[in-house]
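For reference, the structure is listed below as structure tokens.
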Amino acid sequence: MTEIERSEIQQQFHSIFGTGGRVRLIRSPGRVNLIGEHTDYNEGFVFPMAIEPEIRFACRARTDGQVRLASSLYPDQIIEFSIHRKIEPGQPAWSNYVRGVAAELIGAGIALEGMDLFVANTLPMGGGLSSSAALEVGTALCFLTQQGQKMDLSRLALLCQKAEHEYACVPCGIMDQTIVSAAQAGHAMLLDCRNGIKQFIRMDEKDLRVVIVNTMVRHELSGGEYASRRKQCEEGAAFFHQQNPAIRSLRDVTTKQLDEAKGQLAPATFKRCRHVVSENRRTADAALALERKHYDRAGELMIQSHQSLRDDFEVSCPELDFLADQAVTIKGVYGARMTGGGFGGCIVALVQPRAVESLGRHLIESYQKQFQITPEVYITTATAGASVVQ
Ligand code: GLA
């Protein structure tokens, strides 16, 4: 956050909530997942990094136990709830991430005070770049900082995930909250979702740019498709567990075991399992390839990941397919794929620095022509996890 941005957000805070008192500033980044999609809730591998678009928070303690919440995106609303009463989900829907985090912190035995909280975005909401996790983790940091408390980052991620499950009714995995809270600048994170072990892989800015392109569409209806994919994976895992009790999740299934199960599982379930089993392997391979600077290989794996998400996991859509296909026609683009839960949102491309401009131009032009929508392009480095700015 630059000096000017800090003073701007403070001014906005003061004009909504009045002057005086100590105002703290906190930032919480979005994330992009380079590869490893729909593997986190199968105890598998993911490979995300935190990005420059972020949510910024200005907060100030209150002594009456009220939380008053305002957002740059909805200038006329002030949402209010009390931490002295049982915190229930409410309206508008986005406030539930804040309500949920407050409730979970109290549930974890942390004494909270009320606060005035202003939230400003450079991260698109609902664009598949984890605005929900950014809001959750940033909110938690606001409350904790006000109380002079710190929390282990893995515990913080779990608490925020629980808030999302219970207050937003989205049965998400642990990837987003983990990367938003624990990212390291200049690095992507290979996360083993079985045991929480993190390995940071350097993203060399001399060689690489990460380009994210937003389809500006979202076809998913209230998380239903996500929950149904998750259920199919659980059905698959239960089948393999019955065959071999040592198998606890799809993470444990080998390619050979998968091949043997063909014909015994419902065709759709089989395809979901095939995606997860192959995606886990691709993710570990891609992290290794990036570490060794084998960018062509990493790109190839990203392209395969997209195909698997499109054909086997069936969470892509025509807009994502179009952008992913078009991206790799540009010289200097190593690979591209949909990123996040799917059904809209963004693609991510791994690109040589000199190809960034031609890629952006080509995708904007061709996408406009095809869909009559202007996509947003974000060029980003890997940033640090959520932090207190001031
Ligand atoms: C969403 C969820 C994550 C993960 C991805 C798919 O972003 O929040 O936990 O499951 O979808 O990889």
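All ligand and atom numbering here is 1-based and tracks the order in the structure.
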Counting non-hydrogen protein atoms only, what is the nearest one to atom 8 (O) of ligand 1? Give residue, atom name and distance. Asp176 OD2, 2.7 Å
What protein heavy atom is closest to atom 9 (O) of ligand 1, reported as residue, atom name and distance in Å? Asp40 OD2, 2.5 Å
Polar contacts were defined as any N/O atom of the residue lying under 3.5 Å from an N/O atom of the ligand; does this apply to Asn33 and ligand 1? no
Check: Tyr41 N/O within less than 3.5 Å of ligand 1 N/O: no
Taking atom types as modelled, is there a side-chain donor on Arg68 or Gln66 under 3.5 Å from an acceptor on the other? no
According to a hydrophobic-cluster definition based on side-chain heavy atoms being under 4.5 Å apart (Ile, Leu, Val, Met, Phe, Trp, Tyr only), do Val276 and Ile174 belong together? no
According to salt bridge (charged side-chain N to carboxylate O under 4.0 Å, His left out), who are the partners of Arg310, at least two apart in sequence or on a separate chain? none
Can you list every pair that meets ring-ring contact (aromatic ring centres under 6.0 Å, His included) and has a residue in residues 237-280, with sequence neighbours left out? His275-Phe313
Numbered atoms of ligand 1 (with element) below 4.0 Å of Gly173, judged on heavy atoms: 9 (O)
Which of the numbered atoms in ligand 1 are below 4.0 angstrom from a heavy atom of Tyr226? 1 (C), 2 (C), 3 (C), 4 (C), 9 (O), 10 (O), 11 (O)
Kindly assign one of parallel, tilted or perpendicular to the pair Phe200 and His187, based on the angle between their ring planes and the thresholds 30° and 60°. perpendicular
May I ask you to decide if the ring planes of Tyr226 and His38 are parallel, tilted or perpendicular, using 30° and 60° as cut-offs? tilted
Among Met338, Met175, Arg31, the residue with a heavy atom nearest to atom 7 (O) of ligand 1 is Arg31
